[in-house]
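This report refers to the structure that appears directly beneath it.
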Number of protein chains: 2
Amino acid sequence: MQISDAEWTVMNLIWESQPTAASDVIEQLAETHAWSAATIKTMLHRLVRKGALSATSSGRKYIYSCRVKRADCVLHASRSFLDRVFGGDTAPALLHLVESSKLTADQIDELKKLLDSMER
Amino acid sequence: MQISDAEWTVMNLIWESQPTAASDVIEQLAETHAWSAATIKTMLHRLVRKGALSATSSGRKYIYSCRVKRADCVLHASRSFLDRVFGGDTAPALLHLVESSKLTADQIDELKKLLDSMER
DNA sequence: ATACATTGTTTACACATGTAATCGAACGAG
DNA sequence: CTCGTTCGATTACATGTGTAAACAATGTAT
């Protein structure tokens, strides 16, 4: 199962607000993207068919929930991305990503703590 | 211009060995992927049409070179990926990626040095 | 009952991508 | 010269994706 670019937007929103009705999803995505309701409904329908989302009837509305864990999807997508773009060698990728990111002092500290813990 | 998953494999190889002839590309990719020569030739042709590669005639062979910098493509792909999967917030993404990567002690040191330099 | 609005499903179309065969031109060997 | 091989271009087909309209069913208001 592969989540497409546009579908990630939908999934992220539902991960953060599930369980949620289509009308809510549509309302929020219409604000941030130039998608018609029809487009969003199609994406929801396809995600259900793919097995990423489940829909349970509530009256005639469907309430959507995620059937896959965000962490699992993120991990899979991340690995796939790193493999593809960096040929599987993680470290140069991370160096590059860190270098090109704007991080706060707190965030830098947090990363350093994480690296410390990995060293032991 | 968007480089597809399979095309990244081709681009990575050419970035590392350019300028290079199609026969060389085909030979090397055939070892690592179950692609026919026809498949690889198509990808090369599409990448030229996209503007990612250039091809200069040498006799009747084409010599392929990249028209785009690896660093630029990586940066663009990385940002796009982070935006899509993590909703634009880089730090949690990096934490996640670091946490799920197997890094050597040297690589950890290198990352820490980079973070140190970003703090100043 | 009828008309309208809402909701999910189905249909539509264009393009990109993965995979590869086929074709036409150029080259080399006999 | 002919024939076979090689090389890039063209063609092919299936699937996925982006975008959205159209349709059918259900609910609400008059």
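Every chain is numbered from 1 and lettered A, B, ... according to where its sequence line falls, protein lines coming before strand lines.
Across Trp8(A) and Val74(A), no two heavy atoms sit closer than the pair CH2-N, 3.9 Å. Considering all non-hydrogen atoms of both residues, Leu94(A) and Ser101(B) come closest at CD1-OG, 3.7 Å. Scanning all heavy atoms of the two residues, the minimum distance from Lys61(B) to Ser23(B) falls at NZ-OG, 3.1 Å.
The distance from atom CD1 of Ile63(B) to atom C1' of dC7(D) is 12 Å, rounded to the nearest whole Å. Whole-Å rounding puts the Trp8(A) CH2 to dG18(D) C1' distance at 18 Å.
In the 5' to 3' direction, nucleotides of DNA chain C lying under 4.0 Å from heavy atoms of chain A begin and end at dA5(C) to dA12(C).
Taking 4.5 Å as the limit, some side-chain heavy atom of Met43(A) sits within range of a side-chain heavy atom of Trp35(A).
Under the salt bridge (Lys or Arg N to Asp or Glu O under 4.0 Å) criterion, Arg60(A) pairs with no residue at all, not counting sequence neighbours. Looking at residues two or more places apart in sequence or on another chain, you find a salt bridge (Lys or Arg N to Asp or Glu O under 4.0 Å) between Glu119(A) and Lys112(B). For Asp109(B), the side chain to side chain donor-acceptor pair (under 3.5 Å) test picks out no residue, with sequence neighbours left out.
Using a 4.0 Å cutoff on non-hydrogen atoms, the parts of residues 28-47 of chain A near DNA chain C are Lys41(A), Thr42(A), His45(A), Arg46(A), ordered by number. Of the residues in residues 48-61 of chain A, those with a non-hydrogen atom less than 4.0 angstrom from any atom of DNA chain C are Arg60(A), Lys61(A).
For His33(B), the NE2 atom sits in a packed shell: over 12 heavy atoms of surrounding residues, nucleotides or ligands are nearer than 6.0 Å. Sparse packing is recorded around CZ of Arg67(B), with 12 or fewer heavy atoms of other residues, nucleotides or ligands lying under 6.0 Å away.
Side chains of Arg70(A) and Asn12(A): a donor-acceptor N/O pair is present below 3.5 angstrom, by distance only.
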